[in-house]
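These notes concern the structure reproduced below.
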Amino acid sequence: MVIFLSLLLCAALIVLLTTALKTRRIARELQDAVRLNRCMLVNEPSSMLKRLGFDGLIKETNGLIDRYRGNADVESGHPKQLEAMLGSIQEAVIIFNDEHVIEFVNDSAQRLFQRARALKGARLETALRSASLLDFLSAYRGDRSLKQQEVSVERQGEVLWFEVSCAEVRGVSAQDAKSTLLVLHDITRLKSLEVVRRDFVANVSHELRTPLTIIKGFAETLVEDHATLPVETRARFLDKIVNNAQRLHVLVEDLLELSRLESQSEQIQPSVQSLQQLLEEMLEPYRLRLNPEVQVLKLDFDERVGEFAFDRFRIQQVFDNLIENGFRYAPDFTLLAVSVRYDDANDLIQCTVADDGPGIPAKDVPHIFERFYRVDKGRSRDSGGTGLGLSIIKHIVQQHGGGVSVESEAGQGAAFHFSLPYVQSQPGE
Ligand code: ADP
């Protein structure tokens, strides 16, 4: 009897032990599948679950793992989708959280604001130095309907302008918290053009106003006091009117010339010809204006320069303007030298018109090619100058594909240089 009971106990113990072992294996199989995120094989003969017929449990667990994997893919794919969508657009895009920590930047924003350092993870305030942007963001927090605003951002001493807009987004961070999407459209160039345009209008108005006021004043006096004014005074007043009308005419002509040069439709018309021949013909009338005892007008032409392509009318205009300036602003020159050299290193024709007159003060040199820029405002205006001559020259030379420069010091004369590409074939051939 005792033996029978002992055997029964042993058998019960063995059953218990194998069940415990099987349960552990089942638990381990489930644990491994979940930990490694790996589905279990349905027909795996060594699988304890399979052997015990838990096919349903295997299917359900695999289903769960599949669904989990799908969600994880969607989540980890978020930044990639964002990058694909926003990465290549021209506007700078920045997404930041409530603490103003940047969560996403596209290529444009990275390029624009911080080439060397990654912006992601930085605070918005350190990446973009802009009080007006922060003002806009706090206004946006108070009124979500606020759509767009112009803001300025300081970048290494220069000021950039942007049209900025905001939107609330979710799901950028893992916690699915709320973030703010900032789109910055660069309008710096537009802004600077606006300044140029405003300055230009102000300059033109100013230039027109002076002669117009003079004409109006003298004409009104002539009308009102016609009967009482002595004949010589009337003649003097009429003279003033004619002179100022002439000044207006020159100004309007120069302005039209500039606008023609700037318009795409009026391009230069180069043809292959001899610059030497043109210059020799051109200089003749100027020689007649020299004081032969003290003044020389010299042409130094590099013999290596053959015929090449340029717009005859326009290049003559450039030389005329520069030589005329010599007579006007350096009237006591002893030498006015025109030289043409071949720069073989760069395949350019280098032209220079130099005088030994009063020169240009160093502070004025960088501005001399700007529209309406004059060194001595009063004297230049009295001598009939509009301050547009050199900017017209610059345009013509640039249209030829060349560049302009000046070398001068007060009291040391002035040398105006311009280059032209040495193109010896007919354009379009
Ligand atoms: P403008 O059309 O009135 O002659 P420019 O644009 O040709 O004006 O020249 C601008 C200014 O440059 C002139 O007002 C003058 O002060 C200066 N300038 C030009 N050429 C010379 C020169 N050869 N010597 C000294 N100053 C010059």
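Ligands are counted one by one from 1 in listed order, and the atoms in each one are counted from 1 as well. We use all heavy atoms of the structure for the numbers below, so side chains are in, but hydrogens, waters and symmetry mates are not. This chain uses plain numbering: 1 for the first residue, then up along the sequence.
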- Task: Please assess Cys166 against Phe136 for the test side chain to side chain contact (heavy atoms under 4.5 Å, CB included), listing each intermediate value before the final yes or no.
- Result: CA-CA 9 Å; Cys166 272; Phe136 171 68; 3.7 Å; yes
- Task: Mark up the atoms of ligand 1 that fall under 4.0 Å of a heavy atom belonging to Thr386, in ascending order.
- Result: 1 (P), 2 (O), 3 (O)
- Task: Output the distance between atom CD (Glu207) and atom CG (Asp254), rounded to the nearest 0.5 Å.
- Result: 10.5 Å
- Message: Looking only at distances, can you tell me whether any N or O atom of Gly326, backbone or side chain, sits closer than 3.5 Å to an N or O atom of ligand 1?
- Response: no
- Message: With heavy-atom distances below 4.0 Å as the criterion, list the atoms of ligand 1 near Gly359.
- Response: 25 (C)
- Task: Determine yes or no for a side-chain-to-main-chain donor-acceptor pair under 3.5 angstrom, with Ser339 supplying the side chain and Asp300 the backbone.
- Result: no
- The atoms of ligand 1 lying under 4.0 Å from a heavy atom of Tyr373, numbered in the order shown, are 10 (C), 11 (C)
- Message: Let me confirm one number: the CZ-CD1 distance from Phe310 to Ile396, rounded to the nearest 0.5 Å.
- Response: 13.0 Å
- Task: Check whether any N or O atom of Val375, backbone or side chain, sits under 3.5 Å from an N or O atom of ligand 1, and answer yes or no.
- Result: yes
- In sequence, state the C-alpha distance, the side-chain angles, and the governing distance for Arg197 and Glu194, and then conclude on salt bridge (charged side-chain N to carboxylate O under 4.0 Å, His left out). CA-CA 5 Å; Arg197 190 191 55 82; Glu194 202 179 294; 5.6 Å; no
- Item | ligand 1 contacted by Arg328 (non-hydrogen, < 4.0 Å) | yes
- Message: Tell me if the centroids of the rings in Tyr329 and Phe416 come within less than 6.0 Å of each other.
- Response: no
- Of the listed options (Phe372, Phe333, Tyr329, Phe327), which comes nearest to atom 24 (N) of ligand 1 when hydrogens are ignored and any heavy atom counts? Tyr329
- Consider ligand 1: state whether an atom of it lies below 4.0 angstrom from any non-hydrogen atom of Ala330. no
- Do Gln273 and Ser271 get their side chains close enough for a donor-acceptor pair, meaning under 3.5 Å? yes
- Spell out, as yes or no, whether a donor-acceptor pair under 3.5 Å connects the side chain of Gln316 to the backbone of Met282. no
- Does the side chain of Asn203 come under 3.5 Å of the side chain of Tyr373 through a donor N or O and an acceptor N or O? no
- Query: Has ligand 1 got any nitrogen or oxygen that is less than 3.5 angstrom from a nitrogen or oxygen of Asp254?
  - Reply: no
- Is Phe369 in contact with ligand 1, taking contact as a heavy-atom separation below 4.0 Å? no
- With only distance considered, is Ile368 within less than 3.5 Å of ligand 1 through an N or O on each side? no
- Query: Looking only at distance, does Leu390 have an N or O less than 3.5 Å from an N or O of ligand 1?
  - Reply: yes
- Task: Examine Arg374 against ligand 1 and note whether any of their N/O atoms are separated by less than 3.5 Å.
- Result: no
